[in-house]
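Encoded as structure tokens, the structure appears first; notes follow it.
Letters A, B, ... are given to chains in the order of the sequence lines, protein chains preceding strands, and every chain is numbered from 1.
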Amino acid sequence: MAKRIEVEDLDIYYGSFRAVRNVSMTIHPRAITALIGPSGCGKSTYLRALNRMHELIPAARVEGRVVMDEQDLYAPGVDPVDVRKHVGMVFQRPNPFPTMSVYENVAAGLRLNHKRIRKSELDGIVEESLRGANLWEEVKDRLGKPGSGLSGGQQQRLCIARAIAVKPDVLLMDEPCSALDPISTHAIEDLMAELKENYTIVIVTHNMQQAARVSNYTGFFNIGGTGEPGELVEIDETPTIFSTPTHTDTEEYISGRFG
Amino acid sequence: MSSIGQDAVQGRRARKRPADQAFRGITTGAGVLILVVLAGVAAFLLIEAWPAFVAPAEEIPGEGGLVLYIWPLVFGTLLAAALALVLAAPLAVLIALFITHYAPRRLAQLLGYVIDLLAAVPSIIYGLWGFTVLAPATLTPTGWLAENLGFIPLFAGPASTTGRTMFTTALVLAVMILPIITAVIREAFLQTPKLYEEAALALGATRLEMIRTAVLPFGGSSILSGSMLGLGRALGETMAVAIVLSASGGITFNLISSGNPATIAANIALEFPESSGVAIDALIASGLVLFAITLVVNMIARAVINRRTDFSGAS
């Protein structure tokens with residue numbers, strides 16, 4: 001549960017193109033770390049590097065270290081499938097499996113990881129996960145209905161329930177609210193505040209108010225220019241970033257002068 | 001409100017654009033034409049087959065009347081087509097998966113072309129290949145089957161010495177329907193949205209588990225519809241079966257002996273030139289039955305696909 005991640009000198013490449021340059025940061029457990037920055041600055045790429053999802057793009061690779069539990073996630077012999085079991089992810093667009101019911105969606109990860117699991121035990125974990133995602137009361141009478149029949153905000157909380165059902169150590173969220181209306185966004189933000197008691201959470205967001213509202217730490221990414229790699233300008237406690245940032249770029253971005 | 005809005009409303013009432021009207025007529029005509037053709041075919045079959053329905057039993061070829069004449073043909077048709085589908089459908093799913101999820105891009109494209117090319121080979125070529133190459137090649141395996149697995153009724157034997165068996169026929173048909181099934185399934189797999197694949201992978205799914213969780217369920221209805229297309233082709237295939245299968249009539253599940261049930265289409269092709277009178281009517285009656293079978297197969301497929309729309313990809 002809730003592990004610390006140390007990122008050391010991480011470079012991310014697509015083929016020969018360096019997308020992200022030289023990122024080092026500590027991601028604290030039981031806290032929310034927000035990554036902000038203009039479009040194309042590499043923050044989503046960086047997020048996906050934390051659970052090795054970016055490797056799905058052919059020729060993608062990294063240099064540097066991502067250390068969790070004294071284990072470099074990119075050390076030879078580390079299976080990306082195992083990494084993803086410990087570092088879960090929630091995506092920009094809600095993506096419950098369309099052919100599965102609400103129940104089956106939450107159970108999907110468990111069915112992958114433990115082939116044999118007792119029905120009563122599974123029922124318990126599904127309920128616990130849905131309660132953890134603040135969705136239980138809304139769906140408890142329709143567990144057998146398709147997950148795609150829920151509203152957008154409910155679908156996203158279903159995806160969060162699905163992610164936490166496998167009890168990961170870290171939860172990555174890639175703009176989880178950008179496809180949602182303000183009320184659903186509020187529900188997800190409340191949920192994140194509860195989840196950080198047990199999880200390490202990293203969220204990419206375009207919404208600076210959201211970063212200021214929910215996060216404990218904020219990192220600002222930027223690019224020097226077109227074709228240049230993205231880089232981490234600075235990372236600090238959220239109040240510090242939003243009141244007295246060290247770099248003028250950060251100040252200009254959060255005050256709305258560009259981006 | 002605005003004058004533009006009023007113009008538009010009045011224009012819609014007042015003016016009928018001739019080109020629009022004409023094109024609407026043409027497309028409607030095309031739509032109606034397909035119904036007319038279908039109805040025409042059905043009517044032709046009914047009218048031409050009618051004499052066979054009312055003719056006395058002893059005028060029908062064989063013995064025992066029309067039902068006893070057509071039933072073994074129906075059996076042979078269904079057996080050959082079902083066997084071909086059982087062989088081809090799983091292979092088609094595997095090929096489609098390889099092309100969409102495993103093969104390097106270049107190889108995938110090449111394979112795609114080859115598969116489409118297979119669909120373009122005329123069926124008589126498949127027939128000749130089945131007769132000259134495949135039939136002799138099955139002799140050793142069928143001999144082994146008859147000797148060692150003879151207790152299974154399918155392989156009861158004695159093995160045919162020519163290889164022109166139901167077994168060989170089903171193999172040829174399987175090769176023939178493989179491309180169309182593969183093409184349909186491949187398209188569906190290609191359209192599996194990335195976000196569902198990512199959802200599975202982010203839960204710690206291996207590639208195989210991702211395919212099982214996200215790709216196969218998403219392509220489920222297309223596997224079914226592709227299979228039905230293939231089944232339709234196998235049911236109606238004429239020349240290849242006429243060349244390969246050495247039919248002796250009768251009903252048997254024994255796939256490898258020299259006594260094989262004929263199929264409707266091949267039987268028509270083989271018997272038609274030498275038939276006259278009520279025999280021709282009886283052949284057309286068997287054609288009517290084939291028409292009905294394919295219709296029912298397609299309707300069942302539709303029903304199954306529609307029943308699953310609740311859980312389809314439409315989210």
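Between B:Y196 and A:F97, the closest heavy-atom pair is O-CE2, 3.4 Å. A pairwise comparison of heavy atoms in B:F218 and A:P98 identifies CD1-CG, 4.1 Å as the closest pair. When every heavy atom of A:R162 is checked against every heavy atom of B:L203, the shortest pair comes out as O-CD2, 3.6 Å. Residues A:M89 and B:A202 come closest through the heavy atom pair CB-CB, 3.9 Å. The shortest non-hydrogen separation linking B:A200 to A:L112 is O-CD1, 4.3 Å.
Contact annotation for A:R52: neither backbone nor side-chain heavy atoms come within less than 4.5 Å of a heavy atom of chain B. For A:P58, no part lies under 4.5 angstrom from a heavy atom of chain B. Interface residue B:E198: backbone and side-chain heavy atoms are both found under 4.5 Å from chain A. Proximity to chain B is absent for every atom of A:P80, based on heavy atoms less than 4.5 angstrom apart.
Contact count against chain B (heavy-atom pairs under 4.5 Å) is highest for A:N95 among A:N51, A:L56, A:N95. For the set A:P96, A:C159, A:P94, A:G88, the entry with the most heavy-atom pairs within less than 4.5 Å of chain B is A:P96.
Within 6.0 Å of CG on B:L208 lie more than 12 heavy atoms contributed by other residues, nucleotides or ligands. Counting heavy-atom neighbours within 6.0 Å of A:F17 CZ, excluding the residue itself, gives a total above 12. The environment of B:Y102 atom OH is dense: over 12 non-hydrogen atoms of other residues, nucleotides or ligands sit within 6.0 angstrom. The environment of CZ in A:R131 is crowded: more than 12 heavy-atom neighbours from other residues, nucleotides or ligands sit within 6.0 Å. Counting non-hydrogen atoms of other residues, nucleotides and ligands closer than 6.0 Å to CG of B:L35 gives a total above 12.
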**Message:** Apply side chain to side chain contact (heavy atoms under 4.5 Å, CB included) to residues B:T213 and A:M100 and explain how you reach the verdict.
**Reply:** CA-CA 9 Å; B:T213 316; A:M100 292 186 194; 3.4 Å; yes

